Structures are given as C-alpha cells and as structure tokens.
Amino acid sequence: MSDAVLEYALKKRAPLIDALKQLVACPSVGADPAMADGMEKARQLIEGRLDEMGFQNRQRLMPDNGSGQPAIFAERLDAPDKPTMLIYAHYDVQPPDPEDKWHTPPFEPVEKDGRIYGRGISDDKGPMMIALETLAAFIAVEKTLPVNVKLLIEGEEETGSPSLPGILQAHRPLLSADAVLSADGARWRPDLVSLNVGSRGNAGFEVKLITASQDLHSGRYGGIVRNALHEMARLISGLHDADGRVAAPGFYDGVREPGEHERAEIQSIAYDGSRLLSEIGAAPHGEKGYSTLERLWLRPTLDVNGMWGGYTGAGSKTVIANEASAKITMRLVEGQDPVAAQGSVMRHLEANTPEGVRLEFTGERGASGAYTVPGDHPLLKAASNALEATTGTVPRRVRIGASLPLTEIVHRLLGLHTIMFSFALSDENFHAPNEFFRLDSISDGLAAWVRILREIAESDVADYAPYRQR
Ligand SMILES: [Zn+2]
C-alpha cells in the first residue's frame, strides 16, 4: 500500500542520515560538565530543525532549581478533534568510556556494514531522528500533522532524570496529552516483532549490622562475643526460603499469580533461556514453579548487591568484625507497593536480629513501582496495528525485567500511559563501546511511525479518556 508521506520520508533518508551524523558529532554527555558545549550544540541542532518544521511554542523547560539540563518542548496542534500525543525522546548520551575500546572515535560517526557507529546513535539519537523526520514528512507532504503533537526531548535521561518529575509537575497544563509515545526504549530482539507492555519497579537500601563498639582481637574476645560478619551472613541467608521465594512476610502482598492465558502466551514465545545462561556461564536458578521468562517478567526479586566488613587486606588479621554492611535491592512487579515491599524486608531483617545486635538502615535509593500498559489501551492497539501493517507479523507483547523510570514517572505525575516505540535494538551496544544503529532500522522505523500516526488519527479522543488519570 503506497503512502505519499512514507515515500517522501524514504526519499529523504540520505539527508536524515547526514543530520543524524551531525547530531551524533555533538558530544552531549550530560554527566560530564566538560561536555556542556556538546549538550548546547545538540539542543541547538534539534531546536533549529523544529523551527524549520514550523513547531510552535518552542521553549526550554528548566529544572526547578535552574541547574541541570533543560528539556526541549515544542508543539503543533494541527488536528483539533484528534488525540494529542506527547512524544518523548532524549538528546543526552552516556559517557564514551572506556574510550580505548572504541574501534572508531565515539563522536565521529562512521558507516560500516549497514551500521553507523557513534555514541548515542542507538540510544537515543537514531530513534529520535526517525520520529522527528516522520513528522517533517507529514508536514512537507500534507502541510499538517494527522494528530496533535507535543514534543518533550529530555536532557537528563542517562543521569537518571533527576529533574523530570519537577519539570512535569511545573508544566502539567503545557504537557497535557492523551498518551505518551516514546522514541526511546529498545526493541527486545532482532528476530521478534514485539511491543513492551510492562517493566519491573525497584527499591533498595543499605543495612549496617553492629555487634560491638570496636573491632575485637580474636584471641582476647574469640568465643565470647558475636561476630558481625557471621550475623550478617545468617540474616542474608534468611532472605529466601528453600524454594527461592522471598521469606519476608508481606513481601508478596498485592502480587497477582499469572493466569492460564498469560502463562500460555509467555510459553509460546520462542525463548532460549539456557543459551542466555550459557553465555554467562551460569546455571539456571530461581523461584520454584516459574519459567525463566516468568521469573524475569512477572515475579519480584530480592538481591544482595554487595557485602562488606572485617579485614579484607593482604595477609591475615585475627580480628572479630564488629560491623558488617550489605546493599540490598529488589525488583518489584505489578500490584506491589514499593514502599511496603521494602518495609517488609527491613522488618524481616529486624525480626531475625538477635538481642545485643543492632541494625542501621541507610541509603534508601527511592522506591518506584512496576509499570504495566492496560491490555486494551488505544495507543497499544495503534502501535500493534502499525507494526502488523509494516512487518506482516502481529507483534508479541513482551515485558522487561528492568525498570523504565519514564513510564512510571509520567503515569504518576501526568496520569498518562506510555508506549515505547523505539527502533533501536537491544544488542546495539548502548552504554558500551562501539554503539551502533542499523541502517535498516531507519526505513523500518519511518514506515512504522508514519503508520502509527495514521492509526492514532483514526482513533477518538474519547477512546483515551478512560485511561487518563487526573
Ligand atoms: Zn535512552
């Protein structure tokens, strides 16, 4: 089926690639103050393009305290009775380190074997350019956009979006929309057309265990006092039961058991869990009664990320440690209240601490809940239709075991659901040396973005109302 907008977009593929290379050449490493120029250059390139495209009300949304990296906002409200999409992307990139592991300089994009290499090209500059140039093609051919578009292009994604909640709160009316369409968030696998419908939340803290006011000589005190390392090891080993379940009472409150249909759907996804494990030289392990994908997608977890205490230097030292520490984090699923789940683990540790031993909790990392897109959300339907139309395959609904803070923050603060519609693939070395983006993804992405905007234009504003909160 021919589409004049898509034909135009594909014809403009070469200039798109040139513009993408220019953007990648701006070293927009938000984490590094020495690269502030690169951040500014990236912003100006994007802003210039938005002005050419006739976007209005363009502005930089500043973090509350005036420091940090501004987000770029602009809008075109061309379609009065149509839904409004808040399209998200980010212009900041990960630091290039370790730079000596790159085969070509990270900020000098190079085309090779159907790929372009460069820092930030897959995460998120390539996927962002696909979204922007799709909009440009509509504007060039039809002189208008088929739906209302608000753009939010963030500059702090790679540093954990510290200002995003404040920006969203301060600009709620400006950012009001029917749903969020994200040009960030990689596709799961090259061999599977998929849409991500959920991610796990997380929480965590540090715990210090204290048995005495000082380190003790094992000759003088050995056998008459508790050893903090032994006590910590005992506490940690009591976090899970023999079936791999988290032993803290209340931890699973609100967690829903997967239904027959859900299990069958996951089961039907061709997935070689043993290959994943053999790649890392590990044996399968986990909560009894669940498959690998169920463990990854539907079950909460609890892990110790570090433990320390006592003497760890060269040689030996006959000391009885009086303090031991551990870092503990958890991945949370739908239905779990992150603060309550974290509290249940802290109480479980306390309840199992013997008399005369003290626990101190510090370093709470901030709890965020899991995120799930409602199965019948109109934007999920539009995305699914668009992928089916452009790939010939009904996309599989998948989840990720990691967390996507954007989706949770946007849902909490704007009451909107997000569909990740990036054309990056998860094997493209983002956050690692030799990041690349597949050239094929550009044509695939343009086709899918043209189609999803047409699909959204077919839907009604009222379809979105039941899913919007506030
Ligand atoms: Zn990203």
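Numbering starts at 1 and runs along the sequence shown. Bear in mind that the values here come from a model prediction, so they are computed numbers and not experimental data.
- The side-chain heavy atoms of Tyr271 and Arg189, taken from C-beta on, include a pair separated by under 4.5 Å.
- Using a 4.0 Å cut-off between charged side-chain N and carboxylate O, Glu7 and Lys11 make no salt bridge.
- Looking at Thr301 and Arg299, their side chains never come closer than 4.5 Å, going by heavy atoms from C-beta outward.
- You'll find the side chain of Val246 reaches within 4.5 Å of the side chain of His240, heavy atoms only.
- Shortest non-hydrogen contact noted between Lys21 and Pro109 is O-CG, 3.3 Å.
- Ring geometry for Trp449 versus Phe421: interplanar angle over 60°, hence perpendicular rather than tilted (30 to 60°).
- Here the side chain of Asp92 pairs no donor or acceptor atom with the backbone of Ser28 at under 3.5 angstrom.
- A side-chain donor-acceptor contact under 3.5 Å links Arg119 to the backbone of Ala432.
- Closest non-hydrogen pair, Pro190 versus Asp427, comes out as CG-OD2, 4.0 Å.
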> Going through the distances and angles, do Glu158 and His431 end up as a side-chain hydrogen bond (donor to acceptor under 3.5 Å, both in side chains)?
Replying inline: CA-CA 9 Å; Glu158 302 293 3; His431 300 200; 3.1 Å; yes
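- Paired with Glu133 under the rule salt bridge (Lys or Arg N to Asp or Glu O under 4.0 Å), one option of Lys12, Arg13, Arg49 passes, and it is Arg49.
- The side chain to side chain donor-acceptor pair (under 3.5 Å) with Ser161 is formed by just one residue from the set His90, Gln69, Glu154; it is Glu154.
- Inter-residue side-chain proximity for Phe430 and Gln94 is flagged as unmet; no heavy-atom pair is nearer than 4.5 Å.
- When all heavy atoms of Leu16 and Leu446 are compared, the pair lying nearest together is CD1-CD2, 4.1 Å.
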>> What verdict does the side chain to side chain contact (heavy atoms under 4.5 Å, CB included) test give for Arg438 and Phe423, after you've listed the backbone C-alpha separation in whole Å, the side-chain angles of each residue and the deciding distance to 0.1 Å?
In response: CA-CA 9 Å; Arg438 289 175 171 81; Phe423 280 77; over 6 Å; no
Contacts under 3.5 angstrom, residues 162-171 side chains, donor-acceptor by atom type, not counting sequence neighbours:
from, atom 1, to, atom 2, distance (Å)
Ser163, OG, Glu156, OE1, 2.8
Ser163, OG, Glu156, OE2, 3.2

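- At least one donor-acceptor pair closer than 3.5 Å links the side chain of Ser426 to the backbone N or O of Trp188.
- Residues Leu414 and Leu86 are in side-chain contact: their nearest non-hydrogen atoms beyond the backbone lie under 4.5 Å apart.
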>> Please evaluate residues Leu239 and Val345 with respect to the criterion side chain to side chain contact (heavy atoms under 4.5 Å, CB included), reporting the C-alpha separation (whole Å), side-chain torsions for both, the decisive distance (0.1 Å), and the verdict.
In response: CA-CA 8 Å; Leu239 287 174; Val345 177; 4.1 Å; yes
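- Between the side chains of Arg187 and Ser194, not a single donor N or O lies within less than 3.5 Å of an accepting N or O.
- A side-chain donor-acceptor contact under 3.5 Å links Arg396 and Ser268.
- Defined by atom type and a distance below 3.5 Å, a donor-acceptor pair is missing between the side-chain atoms of Glu408 and Ser368.
- Taking every heavy atom of both residues into account, Tyr117 and Thr104 meet most closely at CB-OG1, 4.1 Å.
- Using a 4.0 Å cut-off between a side-chain N of Lys or Arg and a carboxylate O of Asp or Glu, Arg115 and Glu428 do not qualify as a salt bridge.
- For the pair Gln342 and Ala203, the tightest heavy-atom approach, listed with the atom from each and the gap, is OE1-CB, 3.2 Å.
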> Hey, mind stepping through Ile17 and Leu439 against side chain to side chain contact (heavy atoms under 4.5 Å, CB included) and telling me if it holds?
Replying inline: CA-CA 9 Å; Ile17 291 170; Leu439 283 165; 3.6 Å; yes
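- Looking at Leu135 and Leu151, their side chains come closer than 4.5 Å, going by heavy atoms from C-beta outward.
- Partners of Asp32 according to the side chain to side chain contact (heavy atoms under 4.5 Å, CB included) rule, which considers only residues two or more places apart in sequence or in another chain, are Val29, Ala34, Met35.
- Put simply, the side chain of Arg200 gets close to the backbone of Gly401: a donor and an acceptor are under 3.5 Å apart.
- Side-chain contact between Leu332 and Phe251 is present, with heavy atoms from C-beta onward closer than 4.5 Å.
- For the pair Ser422/Asp184, no side-chain contact is recorded, criterion being any heavy-atom separation below 4.5 Å from C-beta on.
- A salt bridge between Glu40 and Arg60 is present, with a side-chain N of the basic residue lying under 4.0 Å from a carboxylate O of the acidic one.
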Under 3.5 Å, side-chain donor or acceptor atoms of residues 138-147 against the rest of the protein: list the pairs with distances, not counting sequence neighbours.
from, atom 1, to, atom 2, distance (Å)
Glu142, OE2, Arg454, NH1, 3.4
Glu142, OE2, Arg454, NH2, 3.0
Lys143, NZ, Ala140, O, 2.8

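- Judged by distance alone, with hydrogens and angles left aside, the side-chain atoms of Lys125 form a donor-acceptor pair with the main-chain N or O of Leu23 at under 3.5 Å.
- For Ser384 (side chain) and Leu380 (main-chain N/O), no donor-acceptor pair under 3.5 Å exists by modelled atom type.
- Of the possible donor and acceptor atoms, one in the side chain of Lys82 sits under 3.5 Å from a partner among the backbone N and O of Ala457.
- Formation of a donor-acceptor pair under 3.5 Å by the Asn429 side chain with backbone atoms of Asn434 is found in this model.
- Minimum heavy-atom separation, Thr372 to Arg399: CG2-NH2, 3.6 Å.
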>> side-chain hydrogen bond (donor to acceptor under 3.5 Å, both in side chains) for Asp376 and Tyr467? Distances and angles first, verdict last.
In response: CA-CA 10 Å; Asp376 47 3; Tyr467 302 96; 3.0 Å; yes
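- With Arg295 contributing its side chain and Tyr290 its backbone, the two residues share a donor-acceptor pair below 3.5 Å.
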> What's the verdict on side chain to side chain contact (heavy atoms under 4.5 Å, CB included) for Leu61 and Leu175, showing C-alpha distance, side-chain angles and the deciding distance?
Replying inline: CA-CA 11 Å; Leu61 305 184; Leu175 297 169; 4.3 Å; yes
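- When atom types are taken as modelled, the side chain of Lys41 and the backbone of Pro27 share no donor-acceptor pair closer than 3.5 angstrom.
- Ring centroids of His417 and Tyr371 are separated by less than 6.0 Å, placing the two rings close together.
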